[in-house]
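Working notes for the structure below.
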Amino acid sequence: MKVKVKFFAIFRDLFGAEKEVELKSGSTLQDLLNLLCDSRQCRQKLFDRSGKLRPYIKILKNGRNILFLEGVQIELEGKQIQFLGGIHAELADGDVVAIFPQVGGG
Amino acid sequence: MVKGFVGVNLRVNLSTGEIKKEKINEQWARLFIGGRGYGSKIICDEVDPKVDPLAPENKVVIATGPAGGSNTPASGRVMVITKGPETGTIACSNVGGFFGPELKRAGYDMVIIEGKAEKPVYLWIKDGNIEIRDARKLWGKKTSETEEVIKQETDPKARVVNIGPAGVKLSRIANVMVDACRAAGRSGVGAVLGSKNFLGIAARGTRKVEPFDPAETKTAVAQARKLLKESEITSVNLPKYGTALLVNEINERGGYPVRNAQEAYDEDAGVTGGEEIADKILIKKWACAVCPIACGRVTEIREGKYKGYHGEGPEYETTWALGLMCGVHDLNAITYAHYLCNEYGLDGISAGVTIACAMELYEKGYIPERDVPFPMRFGDGDTLVKMVQIMGERKGIVGDLLAEGSYRLAEHYGHPELSMSVKKQEMAAYDPRAIKGIGLNYATSNRGACHVRGYTISQEVIDWPEPVDRLKYEGKAELTKYMQDFTAVIDSSGMCLFTIFGMGYIRDYGPILRAVTGIPYSDDELMKAGERIWNMERLFNLKAGLTGKDDTLPPRLLEEPIPSGPSKGEVCQLDRMLPEYYQLRGWDEEGRPTKEKLAELGLKM
Ligand code: SF4
């Protein structure tokens with residue numbers, strides 16, 4: 001499947017303005033970000049040392065802040081498992097992902 | 001004696017020529033802080049809420065805050081307060097630049113302008129001395145020329161506030177310019193000065209304003225600067241890209257009003273955004289007095305028809321209003337139209353939204369061809385520029401109506417519903433259908449549709465200081481009230497609202513205000529002062545004849561679902577927030593403060 005990724009502000013200098021990325025079906029945002037961070041410099045921009053997404057980096061999936069995506073519930077070995085939305089959200093063909101640093105304005 | 005203030009307000013009666021110096025009221029300094037709060041107190045006490053805003057009985061207060069004139073970051077703000085000619089409500093418009101600190105150095109915290117001069121005049125304040133000067137030869141000249149000549153006539157180092165042709169011609173969307181590049185843009189405050197035959201003020205001074213506790217002030221200021229440095233918004237992105245960096249943020253959420261809010265997303269909105277401005281027209285960043293953020297843009301148009309023009313801006317709001325709101329993608333034309341707004345002394349937001357309204361009225365066939373000098377369709381940059389020109393000059397039938405703002409224009413042609421305004425003031429660059437809290441703020445703002453009276457965008461979009469889901473209704477009443485009260489404190493302190501992007505809480509402002517003034521108000525007391533200011537403004541509006549029914553949004557935003565983009569299908573269900581908001585405010589069902597609330601705040605109906 002293909003997703004479109006858009007970068008803004010200082011991220012443009014590092015990642016370019018826009019990319020189309022080919023992913024295996026079932027991939028999550030985390031998979032996408034791993035793929036995008038093909039250098040140490042890129043990785044450091046998005047993740048802290050422990051591998052967590054840096055605070056205040058804003059990611060929109062089809063216009064929705066991933067912090068507020070509904071979680072998904074799946075059944076695994078007979079148990080209901082609740083996946084958080086956020087970075088673990090699954091992507092679908094044609095999704096648009098927008099990545100922003102912390103910006104403000106007025 | 002409270003500090004931070006110079007301690008003296010200047011009162012100028014233009015009808016009689018009488019000039020008075022008045023001591024700062026210490027109790028008011030505690031209850032209303034300064035700036036917007038203190039100045040609004042003067043207007044509420046002295047101006048009949050029912051007065052015609054353009055009559056000599058209206059007054060204008062030009063007010064600094066107690067933090068101004070010190071080292072406090074971004075503390076050079078000035079508030080222009082009056083009864084607004086566009087809305088008929090209390091109006092106040094905030095501006096940066098360098099005038100505020102200069103006025104304090106020249107010996108005054110605030111200037112109260114009353115009456116009407118027989119012929120055009122301006123005020124020259126030099127180290128405490130005041131002179132009312134003839135301004136006939138400058139009356140109606142472009143703002144930058146006026147500023148330059150006033151400096152020649154007074155002192156090259158003077159700082160100047162002045163109106164332009166729009167204010168002189170009593171346009172209800174006329175602004176007041178500072179340093180010829182920053183604007184007290186909103187609410188038509190420039191027209192009130194125009195109605196008084198008052199061109200502006202030049203100030204120059206050498207006095208120092210002492211803080212109450214210099215050591216404490218130093219510590220508090222250092223802490224504030226640290227917070228602004230630590231925030232990536234205020235230390236990296238605002239300086240690098242300016243406020244227009246928000247274009248993509250808002251557009252990608254599908255909350256960017258396009259073509260008079262017929263849509264809320266545009267695939268190519270980015271060509272008018274901060275990144276593009278930085279690439280194509282930016283010469284350098286620019287900062288108001290003592291501001292480490294420097295969100296201002298010094299720009300030059302480098303190609304096309306408007307090549308060679310230079311100036312300041314555009315900002316987020318004007319690149320939107322004069323851009324996609326009018327369907328225009330041409331950054332050069334937008335920038336030139338922005339420069340023109342500054343030169344005519346027009347509010348760029350209201351100008352753009354009014355032009356967008358005219359374009360829709362024209363395209364729908366509601367404006368007859370005989371009224372228009374040229375076709376007024378969405379999307380063409382040159383049309384936009386020509387429309388700003390006829391608006392600034394009040395030229396022809398439509399030009400004259402454009403200068404009245406979108407509501408009066410749309411009403412004239414029988415379709416007031418096409419004015420994207422609240423209480424007749426034009427909305428800002430956030431679509432409440434996609435960002436619910438800002439809708440409640442537009443609806444309840446005391447000066448009509450306005451984003452900066454309760455900037456819920458900080459939480460709903462910027463995730464700062466804590467993220468809130470933009471599409472949820474729950475919690476928005478509380479958020480809106482909180483932001484409105486908090487903002488009233490910042491606006492009254494003399495500091496810039498954008499400091500909230502580093503200093504997220506009242507606890508970050510309290511130490512500065514206490515150290516500078518010596519007033520021992522707690523943080524809670526400051527928030528209470530914010531609430532008091534809000535309610536005082538509300539009372540003025542109620543006495544002026546507004547009611548809870550005016551707390552609404554244009555029907556389009558309430559009823560017409562966004563047709564496409566990331567927020568497709570959304571409307572703003574104001575009724576899911578407004579009753580709770582009234583309740584939290586301690587108001588009755590019709591939006592009137594209850595007796596108990598007034599008693600709690602020490603206010604009277
Ligand atoms: S943040 Fe921008 S608008 Fe505010 S004081 Fe600084 S330069 Fe002026």
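Note on naming: letters A, B, ... go to the chains in the order of the sequence lines (proteins, then strands), and numbering restarts at 1 for each one.
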What pair of heavy atoms forms the shortest contact from Asp463(B) to Tyr56(A), and how long is it? O-CE2, 3.7 Å

To the nearest 0.5 Å, tell me how far Arg64(A) CZ sits from Asp469(B) CG. 4.0 Å

Can you give me the closest heavy-atom contact between Leu238(B) and Gly105(A), atom names plus distance? CD2-CA, 4.1 Å

Checking heavy-atom separations under 4.5 Å from chain A, one finds in residues 564-572 of chain B Pro566(B)

Tell me whether Lys229(B) at atom NZ has more than 12 heavy atoms from other residues, nucleotides or ligands lying less than 6.0 Å away. no

Shortest non-hydrogen contact from Ile462(B) toward Val103(A): CG2-O, 3.1 Å

Here the pair of heavy atoms bringing Gly104(A) nearest to Ile233(B) is N-CG2, 3.3 Å

Val468(B), part contacting chain A, at a heavy-atom distance under 4.5 Å: backbone

Heavy-atom distances under 4.5 Å only: say whether Glu232(B) touches chain A with side chain, backbone, both or neither. both

Counting heavy-atom pairs under 4.5 angstrom with chain A, the leader among Pro467(B), Gly274(B), Gly255(B) is Pro467(B)

Determine whether Val236(B) and Pro101(A) make a side-chain contact, defined as any pair of heavy atoms from C-beta on separated by less than 4.5 Å. no

For residues 26-42 of chain A against chain B, heavy atoms under 4.5 Å, the residues are none

Heavy-atom pairs under 4.5 Å with chain A - which of Tyr316(B), Tyr265(B), Trp464(B) has more of them than the others? Trp464(B)

For chain B, which residues from residues 3-11 of chain A have at least one heavy atom closer than 4.5 Å to it? Lys4(A), Lys6(A), Phe8(A), Ala9(A), Ile10(A)

One should read off an interatomic distance between Glu249(B) CD and Gln102(A) CD, to the nearest 0.5 angstrom, of 10.0 Å

Toward chain B, the part of Asn65(A) with a non-hydrogen atom under 4.5 Å: side chain

Please determine whether a side-chain nitrogen of the Lys or Arg among Arg12(A) and Asp279(B) lies less than 4.0 Å from a carboxylate oxygen of the Asp or Glu. no

Which residues pass the side chain to side chain donor-acceptor pair (under 3.5 Å) test with Asn175(B), not counting sequence neighbours? none

Could you measure the distance from the CD atom of Glu252(B) to the CD1 atom of Ile99(A)? Nearest 0.5 Å is fine. 11.5 Å

To the closest 0.5 Å, what do you measure between CZ (Phe100(A)) and CG (Leu245(B))? 8.5 Å

